[in-house]
Amino acid sequence: YLLREGDRDDLLDLALECYEAALDAYQKLGMPVKAARVRCGIGNVYRTRQRGERNGNIERAIATYRSALEELTPADTPMDWAMAQYNLGRTYGERTRGTVAENLARACSCLDAALTVYRPQTSPANCCTVAAALGGFRARTQEWYRAAAAYRVALDAAEGLYRASLLRVGREAELSEVRGLYGEAAQ
């Protein structure tokens, strides 16, 4: 079943309503970490939402991720914290308010933070995704050596995933996932 654009927006609005209800419930129950996870979901909806003013949606996503990061910590909830940092970084990378340089610096800072948790040996899939995004942002800021270093981390993580795949079909899937990564790293 393919969604039309209007259907997608309607579903995102419904998701937003559900997230808001869950957030209210977790706050009333005094469950801050669960509330923070829900805030991350709300941020994801705003980041991908087409309905409404795009800049406003991006600003709401940023505020929501930042609010979630007040409860999530690398010591207590490292994976949730790292994912929130990644999503916040991606959102700063899409932001049009402020200067491009400032937004990309914030994006890189968030992705660097996420990579303190996502390592090639322990979280290779997430590490590959975050490091590749960081490489792209560093390239946009013309920080070539830092971009190359980020791409190297992504490629190391991808190689680990490839080696861990036992079946040929798994290895082919891993290769298809990172096919463009080598080209991006070479640019």
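- Across all non-hydrogen atoms, the minimal contact from Ala61 to Gly43 is CB-O, 3.5 Å.
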Next item on the list: Test Arg51 against Asp13 for salt bridge (Lys or Arg N to Asp or Glu O under 4.0 Å), laying out the working first.
Entry: CA-CA 9 Å; Arg51 185 171 285 157; Asp13 287 346; 2.2 Å; yes
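- Side-chain contact, Thr64 with Arg39: no donor N or O sits under 3.5 Å from an acceptor N or O.
- The pair Arg66-Glu71 fails the salt-bridge criterion, with no side-chain N (NZ, NE, NH1 or NH2) lying under 4.0 Å from an Asp/Glu carboxylate O.
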Notebook entry, point to check: Step by step, would you call Asn57 with Arg47 a side-chain contact (heavy atoms from CB on, under 4.5 Å)?
Noted result: CA-CA 6 Å; Asn57 287 334; Arg47 185 175 43 77; over 6 Å; no
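- The minimum heavy-atom distance between Tyr118 and Ala82, with the atom names listed, is CZ-CB, 3.6 Å.
- No continuous path of ILVMFWY side-chain contacts below 4.5 Å connects Val153 to Trp144, so the two sit in separate hydrophobic clusters.
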Could you list the donor-acceptor pairs under 3.5 angstrom formed by side chains in residues 104-116, with sequence neighbours left out?
unit_1, atom_1, unit_2, atom_2, d
Asp112, OD2, Arg138, NH2, 2.6
Thr116, OG1, Ala113, O, 2.5

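- Distance alone, capped at 3.5 Å, is enough to place a donor-acceptor pair between the Glu53 side chain and the Gly56 backbone.
- With respect to the salt-bridge test (charged N to carboxylate O, under 4.0 angstrom), the residues Arg37 and Asp80 qualify.
- The line from CZ of Arg90 to OG1 of Thr129 is 9.0 Å long, rounded to the nearest 0.5 Å.
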Side-chain donor-acceptor distances from residues 130-137 under 3.5 Å, at least two apart:
none

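- Applying the side-chain contact (heavy atoms from CB on, under 4.5 Å) rule to Pro78 yields the partners Val117; only residues at least two apart in sequence or on another chain are considered.
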Next item on the list: Applying side-chain contact (heavy atoms from CB on, under 4.5 Å), run through Gln121 and Cys127 and close with a yes or a no.
Entry: CA-CA 9 Å; Gln121 304 81 5; Cys127 179; over 6 Å; no
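- Rounded to the nearest 0.5 Å, atoms CG (Leu72) and SG (Cys40) are 5.5 Å apart.
- The side-chain heavy atoms of Pro124 and Glu159, taken from C-beta on, include no pair separated by under 4.5 Å.
- The side-chain contact (heavy atoms from CB on, under 4.5 Å) search around Glu70 returns none, not counting sequence neighbours.
- With hydrogens and angles left out, the side-chain atoms of Arg95 and Asn103 include a donor and acceptor closer than 3.5 Å.
- Asn126 CG to Arg119 CZ: the interatomic distance, rounded to the nearest 0.5 Å, is 12.5 Å.
- Summarising the geometry, atom CZ belonging to Arg8 is positioned 5.5 Å from atom CD belonging to Gln50; distances are rounded to the nearest 0.5 Å.
- Other residues sharing a hydrophobic cluster with Tyr46 under the 4.5 Å side-chain heavy-atom criterion for ILVMFWY residues are Leu12, Leu16, Tyr19, Leu23, Tyr26, Leu29, Met31, Val38, Ile42, Val45.
- Listed by chain and residue number, Ile58, Glu94 satisfy the side-chain contact (heavy atoms from CB on, under 4.5 Å) test with Arg54 (two or more places apart in sequence, or in another chain).
- Of the N and O atoms on the side chains of Tyr65 and Asn44, at least one donor lies less than 3.5 Å from an acceptor on the other residue.
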